[in-house]
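Atoms within a ligand are numbered from 1 in the order they appear, just like the ligands themselves.
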Amino acid sequence: MSFSAYPDPVAADAPIGIFDSGVGALSVLRHIQARLPSEHLLCFADSGHAPYGGKSDAAIIERTLDIAAFLSTKNIKAIVVACNTATAAAIEALRQHYPQLIIVGVEPGLKPAAVFSKSGKAGVLATASTLASSRFIALRDQISTSTGITFLTQACVGLVEQIEKGELDSAETIAMLESYVTPLLRGGADTLALGCTHYPFVQPAIEVIAHRESAVPVTIIDTGEAVSRQLERLLQQRGLQRFETTAGSLQAFTTGSRSALVAAFAKLLNQHPSAVSYTHLTLPTTPYV
Ligand code: DGL
């Protein structure tokens, strides 16, 4: 498949594409809907290929470019990489292929974690791939050096799969969270950065563990709201924000099960099929490793 730069000037009426390896897209989407209610949104959940966390960078770049190529056929004005793992592996490639498109990525909230932490230690929960990425390591080192904070990192292997299954508080998910979160708290972290867009959906369960394990209040950082602010800023900068009083539309696409996505919208966002048009796609045909 070949990719070309985004071809035409776009109008404010054009939609915004938001994608993730799966239902993590919804945790970012909700903030974009709240901040920018007039925007037309295309939500792409690559659930047929989740999780991204154990894949090679080359595989994640290929998925990202295939999804971006699909979304750009919808005349999008912006793309939100609502996935820490894809941002870490593929945002540079995406920017090279689509230099004229507004591109917003998502990164674990290390900067706010450094601001909020009083103990000088913050935990970071993310996929193994995000934590191993040079982008994450550079950000971590830069913020540690400038603020003196220590980051305790934890790869949450298997957690994305649990959330994809809708198991937000099953015994298995809680046991997983206990094993990932407790050592960070016992290590002195008073702030936890959710470095994967799936994890805000298990924030209530994390809060229960934090309340039990920590003598001090624990701050949990979800970067979805910051992403929506950055998107708004860039749309305004380019004169591309849609200011119509009519609400924007929402279309959802999945490479997984259509009914699972419908159920995820209902369970995670309390949004129902009548408001959303759902499409199942087998995109792409390109094989990946
Ligand atoms: N929501 C993705 C992220 O933010 C999950 C990645 C995965 O599929 O492993 O990293």
Side-chain angles (χ1 to χ4, degrees), residues 17-32 43-64 66-68 79-91 94 103-110 113 123-137 139-140 153-168 173 176-177 180 192-203 206 220-228 230-231 252-257 260-261 264-265 268-269 283 288-289:
I18 301 160
F19 88 88
D20 174 54
S21 63
V23 299
L26 278 59
S27 79
V28 177
L29 175 81
R30 64 184 170 186
H31 291 286
I32 295 173
C43 178
F44 191 110
D46 198 16
S47 296
H49 300 95
Y52 282 5
K55 295 194 199 309
S56 67
D57 280 3
I60 298 168
I61 290 171
E62 190 163 352
R63 293 300 312 156
T64 299
D66 279 335
I67 293 165
I79 187 160
V80 177
V81 184
C83 176
N84 291 259
T85 308
T87 299
I91 200 155
L94 193 60
I103 297 176
V104 180
V106 50
E107 281 175 326
L110 301 190
V124 185
L125 302 162
T127 66
S129 170
T130 296
L131 296 177
S133 68
S134 50
R135 203 177 166 90
F136 173 79
I137 292 167
L139 184 69
R140 182 200 63 192
T153 57
Q154 176 66 59
C156 301
V157 177
L159 189 54
V160 162
E161 290 92 319
Q162 292 301 106
I163 297 166
E164 282 290 311
K165 283 189 278 179
E167 289 193 26
L168 307 184
T173 302
M176 223 176 240
L177 286 171
Y180 293 145
L192 297 174
L194 304 182
C196 168
T197 53
H198 281 69
Y199 303 167
F201 295 124
V202 290
Q203 185 168 336
I206 294 174
I220 299 179
I221 294 170
D222 163 12
T223 49
E225 212 261 332
V227 168
S228 72
Q230 170 71 349
L231 175 63
F253 304 91
T254 180
T255 54
S257 142
L261 186 62
F265 265 92
L268 303 175
L269 299 188
L283 176 90
Y288 67 95
V289 282

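Scanning the protein for heavy atoms near atom 10 (O) of ligand 1, the closest one is T85 OG1, 2.6 Å. Protein heavy atom at the shortest distance from atom 5 (C) of ligand 1 is C196 SG, 3.4 Å. Scanning the protein heavy atoms around atom 9 (O) of ligand 1, the nearest turns out to be G53 N, 2.7 Å.
Below 3.5 Å of separation, one finds no N or O of T127 facing any N or O of ligand 1. Residue-to-ligand polar distances keep A50 apart from ligand 1: every N/O pair is separated by 3.5 Å or more. When only interatomic distances are considered, the shortest N/O to N/O separation between T130 and ligand 1 does not fall below 3.5 Å.
Contact record, I18 with A82: CG2-CB, 3.8 Å, taken as the closest heavy-atom pair.
The side-chain contact (heavy atoms from CB on, under 4.5 Å) test with L131 singles out one residue from V124, T85, L125, N84, and that residue is V124.
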Open item on the list: I'd like to know whether Y52 forms a side chain to side chain contact (heavy atoms under 4.5 Å, CB included) with T127, so could you lay out the CA-CA distance, the side-chain angles of the two residues, the decisive distance to 0.1 Å, and finally the verdict.
Closed with: CA-CA 8 Å; Y52 282 5; T127 66; over 6 Å; no

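Counting atoms of ligand 1 from 1 in the listed order, those under 4.0 Å from a heavy atom of D20 are 1 (N), 2 (C). Under a 4.0 Å criterion applied to the non-hydrogen atoms of V160, ligand 1 contributes the atoms 5 (C), 7 (C), 8 (O), 9 (O). Against a heavy-atom cut-off of under 4.0 Å, Y52 is close to the following atoms of ligand 1: 7 (C), 8 (O), 9 (O).
In this structure, K55 and S129 have side chains that are not in contact, with every pair of non-hydrogen atoms separated by 4.5 Å or more.
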Side-chain donor-acceptor pairs of residues 19-31 under 3.5 Å, sequence neighbours excluded:
residue: D20; atom: OD1; partner: T197; partner atom: OG1; Å: 3.4
residue: D20; atom: OD2; partner: G22; partner atom: N; Å: 2.9
residue: D20; atom: OD2; partner: G24; partner atom: N; Å: 2.9
residue: D20; atom: OD2; partner: A25; partner atom: N; Å: 3.4
residue: S27; atom: OG; partner: G24; partner atom: O; Å: 3.1
residue: S27; atom: OG; partner: T197; partner atom: O; Å: 2.6
residue: R30; atom: NE; partner: S27; partner atom: O; Å: 3.4

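With no hydrogens or angles considered, no side-chain donor-acceptor pair links H198 and Q162 at under 3.5 Å. At a cut-off of 3.5 Å, with distance as the only test, no side-chain donor of T87 or E107 sits close to an acceptor on the other residue.
Using 4.0 Å as the threshold, C83 has a heavy atom nearer than that to some atom of ligand 1.
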